[in-house]
Amino acid sequence: MKFLKYLLPVYSLCIIVSCNKGTDNIPEISKGTLTKDWKYHNESMNFTIQLPNSWSFIDNENGFSKFIPMNQNAPGTILTEGKIKISKELNITQEDAVYPLFSISNNSLDEVKSGLRKGDLVFAVVSSPSENAEKDIKLIKEELKKQFESNSDYLKLNKENLEATNNLQFGKNDKIPYLKVSIPDINGNITGNRMYALKNYESYNLLIIITYTTEEELQNIQSLLSEVV
């Protein structure tokens, strides 16, 4: 799975949450479908989102990342109906524990490689040890705080993030919890931000990963998520 190939290397975090419930009780989850005009629908989680035609869809089906501009019709070869079976416990930066639905980018492939990001958005599913999004976010924060104790720059930059309780608008009527992580350069200045938002479906979570640098980029993504139906 290479959907995070150009998204995760910026962040050398290892967020692992142990759980003794296992994953056997997690049902198969729909990968979702995509119409030719880039409307994504997931029947398992019962939501639909119109993807922005000014962005690119990241297709990883053939073993490499292909950026497809969404100002043209969607190819019929991507996001055909299928099922996901979660078998790994919650670990949001380990690729085989994060099960992708789709990822889109407001960048070209060259811009992503060079680090000149203008915003990335990933939808995925992960297991839920607590069967509650707020509790899962809290577990992730506790693990992060332990790891940041050995890195003063990360801890200083993210002290408020780890203490904050935040919610993200998802559709017109739903607010879901998220964790923000800021990444410092060698001088301790912020070089980028990542948000991990969870929407719970009992034994698993919808995971939304937002990567951004400026507040304008974040606002554009928040506006997109608010239109989910």
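Just so you know, these numbers come straight off a predicted model, no measurement behind them. In what follows, residues are counted from 1 in the order of the sequence shown.
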>> Using a 6.0 Å distance limit plus a 45 degree cone around the ring axis, check whether K199 lies over the aromatic ring of Y201.
In response: yes
Shortest non-hydrogen pair, P69 vs S56, comes out as CA-OG, 4.0 Å
Nearest heavy-atom approach of F67 to N107 is CD2-O, 3.4 Å
Residues S105 and D120: closest non-hydrogen pair is OG-OD1, 2.6 Å
To the nearest 0.5 Å, atom OG of S127 lies from atom OH of Y204 at 12.5 Å
Side chain to side chain contact (heavy atoms under 4.5 Å, CB included) test vs V125 passes for just one of V98, I86, N205, I26, namely I86
Specify whether F170 and F123 have parallel, tilted or perpendicular ring planes, treating 30° as the upper limit for parallel and 60° as the lower limit for perpendicular.
tilted
Do T191 and D185 have side-chain atoms, one donor and one acceptor, less than 3.5 Å apart? no
**Prompt:** Hey, mind stepping through I210 and L225 against side chain to side chain contact (heavy atoms under 4.5 Å, CB included) and telling me if it holds?
**Reply:** CA-CA 11 Å; I210 301 170; L225 294 174; 3.9 Å; yes
With sequence neighbours left out, the residues meeting side-chain hydrogen bond (donor to acceptor under 3.5 Å, both in side chains) with Y40 are N42
Hits for side-chain hydrogen bond (donor to acceptor under 3.5 Å, both in side chains) against K88, two or more places apart or cross-chain, chain-then-number order -> none
I183 side chain reached by R194 side chain, heavy atoms, under 4.5 Å: no
